[in-house]
Amino acid sequence: QVQLVESGGGSVQAGGSLRLSCAGSEDIDNYGTMAWFRQAPGKEREGVAGINAMPIARYADSVEGRFTISKDNAKNTLYLQMNSLNSEDTAMYYCAAARPRWTPASSLLIARTYNEWGQGTQVTVSS
């Protein structure tokens with residue numbers, strides 16, 4: 001069972017940028033599908049960005065064009081570059097992983113696709 005540790009969260013003003021990292025305790029190339037989810041207070045966890053081994057990436061409509069997911073197998077790290085942040089992006093962000101390599105795009109932002117989760121990193125955007 002891999003351990004996923006998120007970092008890079010913090011407080012930023014609206015319009016700013018952050019890059020989140022998710023480091024795996026083992027070779028994350030063993031996990032063909034990875035994603036970022038977020039959960040704001042009082043709201044359900046939602047998929048933000050997911051990527052499979054092809055690679056195909058998928059983004060939530062609310063972050064399309066502002067966020068970029070990438071995976072560096074050599075560094076055992078998943079990234080989420082977040083630009084043009086706004087107050088709606090304030091949430092706890094979680095990294096998730098699953099072993100299947102060819103997860104269809106339609107499943108990349110669904111929580112039940114994943115069986116490994118990190119503890120989260122907080123992102124707060126002030127206006």
Side-chain angles (χ1 to χ4, degrees):
Q1 183 175 3
V2 68
Q3 290 188 339
L4 303 172
V5 180
E6 302 93 337
S7 62
S11 297
V12 64
Q13 289 190 331
S17 298
L18 284 173
R19 188 177 78 158
L20 305 184
S21 298
C22 171
S25 61
E26 63 177 74
D27 186 355
I28 64 171
D29 195 34
N30 293 328
Y31 294 83
T33 299
M34 298 189 73
W36 289 95
F37 286 75
R38 68 186 180 186
Q39 187 167 18
K43 294 186 177 181
E44 293 185 355
R45 187 172 297 192
E46 65 169 342
V48 174
I51 188 167
N52 65 18
M54 295 189 70
I56 290 176
R58 184 174 182 185
Y59 298 90
D61 291 344
S62 59
V63 308
E64 183 80 53
R66 299 188 297 121
F67 290 11
T68 302
I69 188 172
S70 61
K71 188 183 180 193
D72 189 334
N73 290 330
K75 295 183 177 180
N76 284 338
T77 303
L78 179 75
Y79 299 101
L80 184 68
Q81 178 66 44
M82 306 187 296
N83 299 327
S84 302
L85 287 161
N86 59 59
S87 58
E88 296 295 310
D89 298 316
T90 294
M92 185 71 78
Y93 283 72
Y94 298 90
C95 173
R99 290 191 178 273
R101 303 187 70 78
W102 315 121
T103 300
S106 59
S107 297
L108 289 174
L109 302 184
I110 298 175
R112 65 176 181 268
T113 297
Y114 304 91
N115 55 358
E116 308 288 355
W117 294 84
Q119 295 300 307
T121 185
Q122 177 68 37
V123 171
T124 302
V125 183
S126 59
S127 57

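Atom set for the values below is all heavy atoms of this structure, side chains included, hydrogens, waters and symmetry mates excluded. Everything quoted here is computed from the prediction, not taken from an experiment.
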Q. Looking at CD1 of Ile28 and NZ of Lys71, how far apart are the two atoms once the value is rounded to the nearest 0.5 Å?
A. 5.0 Å
Q: For Ser21 and Thr77, work out which heavy atoms get closest and say how close.
A: CB-CG2, 4.0 Å
Q: Enter the distance from Glu46:CD to Gln39:CD here, rounded to the nearest 0.5 Å.
A: 9.5 Å
Q.
Is the shortest side-chain heavy-atom distance between Met82 and Val123 below 4.5 Å?
A. yes
Q.
Quick check for you: to the nearest 0.5 Å, what is the distance between Glu116 atom CD and Cys95 atom SG?
A. 10.0 Å
Q) With no hydrogens and no angle check, do the side chains of Asn52 and Thr33 hold a donor and an acceptor under 3.5 Å apart? A) no
**Q.** Trp36 side chain vs Tyr79 backbone, donor-acceptor pair below 3.5 Å
**A.** yes
(Q) Please determine whether residues Val2 and Trp117 belong to a single hydrophobic cluster, defined as Ile, Leu, Val, Met, Phe, Trp and Tyr linked transitively by side-chain heavy-atom distances below 4.5 Å. (A) no
Q | Value rounded to 0.5 Å, distance of CG in Leu4 from CG in Leu78 | A | 8.5 Å
Q.
Testing the basics here: between Ser62 and Arg38, what is the closest heavy-atom pair and its distance to 0.1 Å?
A. OG-NH2, 3.4 Å
Q | Shortest non-hydrogen contact from Asn86 toward Glu88 | A | OD1-N, 2.9 Å
Q | Exercise: identify the closest heavy-atom pair between Ala57 and Ile69 | A | CB-CG2, 3.9 Å
Q) So, does Arg101 use its side chain to make a donor-acceptor pair with the main chain of Asp29 at under 3.5 Å? A) yes
Q: Quick one: pull up CG in Leu20 and OH in Tyr94 and give me the separation to the nearest 0.5 Å.
A: 13.0 Å
Q.
Holding to salt bridge (Lys or Arg N to Asp or Glu O under 4.0 Å), I want the full list of residues that pass it with Asp27, two or more places apart in sequence or in another chain.
A. none
Q: Would you indicate whether the side-chain heavy atoms of Thr121 and Ser7 approach each other to under 4.5 Å?
A: no
**Q.** Spacing of Phe37 atom CZ and Leu80 atom CG [to the nearest 0.5 Å]
**A.** 12.0 Å
Q. Do the side chain of Tyr114 and the main chain of Leu108 share a donor and acceptor less than 3.5 angstrom apart?
A. yes
Q: State whether Arg99 and Glu26 are salt-bridged, where the test is any N-O pair (Lys NZ or Arg NE/NH1/NH2 against Asp/Glu carboxylate O) under 4.0 Å.
A: yes
(Q) With heavy-atom distances below 4.5 Å as the criterion, would you say the side chains of Ser106 and Arg58 are in contact? (A) yes
Q. What closest approach, in Å, do Leu109 and Gly50 show between heavy atoms, and which atom pair accounts for it?
A. CD2-N, 3.6 Å
